[in-house]
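By convention in this document, chain letters (A, B, ...) are assigned in the order of the sequence lines, proteins followed by strands, and residues within each chain are numbered from 1. Any value given below was found using the heavy atoms of this structure, including those in side chains, with hydrogens, waters and symmetry copies removed. Everything quoted here is computed from the prediction, not taken from an experiment.
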Amino acid sequence: MKFQSPKGTRDFYPQDMAWRQFLTDAWRSVSVRHGFEQVDGPIYETLDLYKAKSGEGIVSELFHFEDRGGREMAIRAEFTPTLARMVAAKANTLSRPIKWFAIPNLVRAERPQRGRLREHWQWNVDLLGVDSPQADAEVIGVAVDFLRQVGLTPQQVHVKISHRRVVRAILAKLGVPDEKMTEAFELLDRRDKIPPEQFTQSAMSLGLDEPRVERFSQMCRRKYHTGDIDHLRRSIGLDDSFNDLGELDAQLSAFGLTDWCEYDLGIVRGLAYYTGTVFELHEVSGVERAIAGGGRYDQLIETFGGPAMSAVGFGMGDVVVTNVLRDKGLLPEDVAPAPDAFVIALTDAAQAQLPGVVAALRRAGRHARFSYKAGRNLGKLLKEASQCRARFAVILDDKAAEGVCELKNLASGEQNQVTIEGVGDRVGNSE
RNA sequence: GUGACUGUAGCUCAAUCGGUUAGAGCAUCGGCUUGUGGUGCCGAGGGUUGGGGGUUCGAUUCCCCUCAGUCACCCCA
């Protein structure tokens, strides 16, 4: 093959495109009914914008280039910097709260692997300007509503919730000094990727003695039900100073989300900018990577030159969620638009009339198709009609000259003689 | 960017130890039964075996490079 699609990218042939459209439509409709408005930005930004959020290290992960004026630019690998820039620029005129969603395509210059390609489409949902944990719960509720809409259940997918400041407090109480805190979070994140001995050794180097290493290990592996915050409080010896976790718990209950959610203090999220709640959506067997991830980032808008503004949001990529739905047998087939009518001509005279009939159907807003084959074999033409999933076959024969045709319902097999004039209505009404 | 494994028709796979013209099913396209449905019969197209180089009388098969895929690392959109 002379040319192929670039590494880690996908071509969307009609079937693939129909699925992508179906998925993004689901994201859009869920967002809209939760009161979010769609936004978008440029597909590339100045490289500095990404450095501002993530530091120099991000550069090697980005596709970047110099424009003709010598400016360093990068194609977007995430949407949050663009969002933060947009909010900061108009912070004074935007009414609060700001509830935005976006469905950008993003690229990263990484080696592809399962659930992680170089280009993907990502649903971003962000709620800015609300300090209360009600916002955290509402945003989680958006993600859960999507899961429900595509047919997933609380038995299949969990929302794992943690809290940066709570975990930090626990670690401090265990005796991790401030300067080792980042290291401790990294260890927490890597706990399942490294052998137990190495975990223990690393934990001890944080200044923990053996019983405390054990408590650390237990803390990051144990799960707690949502809707019962006192249990978590007692279990980890948390005092009352973290009321917002209690408030979050109350809101998760109030929104009816506790079946889907659990506390998992092992959830870290790599991004340093999260300030409070962090969460990830995982398929329970753990064979796929996280379906979505997000959290609270109350300082980011300031970082981008805006006013102090609290914010909470998440991102969900198309690749993992599609994998999960395929694993579960929940990928719907035939999501491409099906024709309302397939028009068939059985005589030369009828064939001359066919374009007019098709055109009239289309003017009436119907999805109408016909055969490009020369044959007059009705069986074959009906086969073609059913193969393209048409709901009706409109059969024109020698009675067509009198304005009459046969209308066949391809699902039921029922067939009636109707006027050609009335076909558009008949085909439109019977959904 | 590092490492491991893999690459034969649109898809799923054959081809003995390195041996003649690389095969099959499905899919696609065409024809047949002269007006009622996906699974009937007949036929056709489709491949520089991912690409390039090497070893050999001879390479789908062995070696090297490269491209792509898969998985892991790094990192986590």
Side-chain angles (χ1 to χ4, degrees), chain A residues 1-11 13 15 45 50 53-55 57-63 74-83 102-124 185-186 189-190 192-194 267-274 278 280 287-295 313-320 323 334 342 344-347 350 372-399 405-416:
Chain A
M1 224 169 303
K2 194 159 189 181
F3 295 108
Q4 39 191 217
S5 62
K7 182 196 290 208
T9 66
R10 289 164 291 170
D11 294 325
Y13 289 91
Q15 225 181 334
E45 298 272 5
Y50 299 108
K53 189 191 136 207
S54 310
I58 191 73
V59 176
S60 65
E61 314 261 288
L62 297 171
F63 280 105
I75 308 176
R76 62 187 179 188
E78 51 179 326
F79 188 69
T80 307
T82 299
L83 179 111
I103 306 177
N105 58 331
L106 307 171
V107 297
R108 279 202 113 161
E110 286 189 326
R111 190 172 286 200
Q113 53 186 298
R114 184 169 180 82
R116 207 146 186 231
L117 305 176
R118 285 192 161 184
E119 181 185 35
H120 73 141
W121 273 256
Q122 190 187 59
W123 181 33
N124 282 253
F185 271 96
E186 278 169 10
D189 195 25
R190 294 175 47 76
D192 289 330
K193 288 186 176 178
I194 59 179
I267 296 297
V268 175
R269 305 290 300 153
L271 297 168
Y273 64 83
Y274 287 119
V278 289
E280 290 181 353
V287 296
E288 302 288 352
R289 43 179 77 237
I291 298 169
F314 72 86
M316 178 187 295
D318 71 305
V319 182
V320 176
N323 283 346
D334 303 333
F342 191 92
I344 290 167
L346 294 178
T347 66
Y372 294 85
K373 292 187 169 90
R376 293 273 185 272
N377 184 320
L378 181 57
K380 250 203 168 163
L381 291 166
L382 283 172
K383 180 176 166 181
E384 191 178 344
S386 61
Q387 270 179 342
C388 72
R389 298 180 299 119
R391 290 165 49 236
F392 286 94
V394 176
I395 304 164
L396 306 175
D397 52 22
D398 30 4
K399 292 190 291 286
C405 68
E406 296 284 334
L407 181 65
K408 185 181 181 81
N409 182 321
L410 289 169
S412 66
E414 186 190 351
Q415 183 169 333
N416 298 302

Which residues pass the salt bridge (Lys or Arg N to Asp or Glu O under 4.0 Å) test with [X], sequence neighbours left out?
{"X": "A/R118", "value": "none"}
{"X": "A/R111", "value": "none"}
{"X": "A/E406", "value": "none"}
{"X": "A/E61", "value": "A/R108"}

Under 3.5 Å between N/O atoms: give me all the protein pairs with nucleotides 38-44 of chain B, atom names plus distance.
from: B/U39; atom 1: OP2; to: A/K383; atom 2: NZ; distance (Å): 2.7

Whole angstrom value for the distance that separates [atom2] of [N] from [atom1] of [X]:
{"X": "A/L381", "N": "B/U36", "atom1": "CG", "atom2": "P", "value": "12 Å"}
{"X": "A/N105", "N": "B/A77", "atom1": "CG", "atom2": "P", "value": "17 Å"}
{"X": "A/Y50", "N": "B/C75", "atom1": "OH", "atom2": "C1'", "value": "17 Å"}

Open item on the list: Quick check: closest heavy atoms across A/I267 and A/V278, and the distance to 0.1 Å?
Closed with: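 Where A/I267 meets A/V278 most closely, the heavy atoms are O-CG2, 3.8 Å.
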- [ ] Taking all non-hydrogen atoms of both residues into account, name the closest pair between A/A77 and A/L62 and its distance.
- [x]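 Closest approach of A/A77 to A/L62, heavy atoms only: CB-CD2, 3.4 Å.
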What's the gap between [N] and [M] when it is taken at their [atom1] atoms, as a whole Å value?
{"N": "B/A27", "M": "B/G10", "atom1": "C1'", "value": "7 Å"}
{"N": "B/G3", "M": "B/U21", "atom1": "C1'", "value": "42 Å"}
{"N": "B/G19", "M": "B/A4", "atom1": "C1'", "value": "33 Å"}
{"N": "B/U16", "M": "B/U61", "atom1": "C1'", "value": "12 Å"}
{"N": "B/G53", "M": "B/G25", "atom1": "C1'", "value": "36 Å"}
{"N": "B/U49", "M": "B/C62", "atom1": "P", "value": "16 Å"}

For [X], what residues pass the side-chain hydrogen bond (donor to acceptor under 3.5 Å, both in side chains) criterion, not counting sequence neighbours?
{"X": "A/N377", "answer": "none"}
{"X": "A/E280", "answer": "A/R269, A/H282"}
{"X": "A/T82", "answer": "A/E45"}

TODO: Could you check A/S5 against A/A77 and say which one's nearest nucleotide on RNA chain B is further toward the 5' end?
DONE: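 Comparing both residues, the 5'-ward one is A/S5.
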TODO: Give RNA chain B the dot-bracket treatment, 5' to 3': Watson-Crick (N1-N3 with N6-O4 or O6-N4) or G-U (N1-O2, O6-N3) under 3.5 Å, [ ] crossing, | other strand.
DONE: (((((((..((((.....[...)))).(((((.......))))).....(((((..]....))))))))))))....
TODO: Just jot down the side chain to side chain contact (heavy atoms under 4.5 Å, CB included) partners of A/Q113, sequence neighbours excluded, or say none.
DONE: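 Once residues adjacent in sequence are excluded, the partners of A/Q113 under the side chain to side chain contact (heavy atoms under 4.5 Å, CB included) criterion are A/R116, A/R289.
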Task: Pairing residues for A/E119 by the side chain to side chain contact (heavy atoms under 4.5 Å, CB included) criterion, not counting sequence neighbours - done: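 A/T9, A/N105, A/V107, A/W121.
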Task: Nucleotide nearest A/D398 (side chain, heavy atoms from C-beta), chosen from B/G35, B/G37, B/A77 - done: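 Closest nucleotide among those given: B/G35.
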- [ ] Encode nucleotides 1-10 of chain B as B, S and - characters from 5' to 3', where the letter depends on protein heavy atoms closer than 4.0 Å: B to the base, S only to sugar-phosphate, - to neither.
- [x] BBB-------
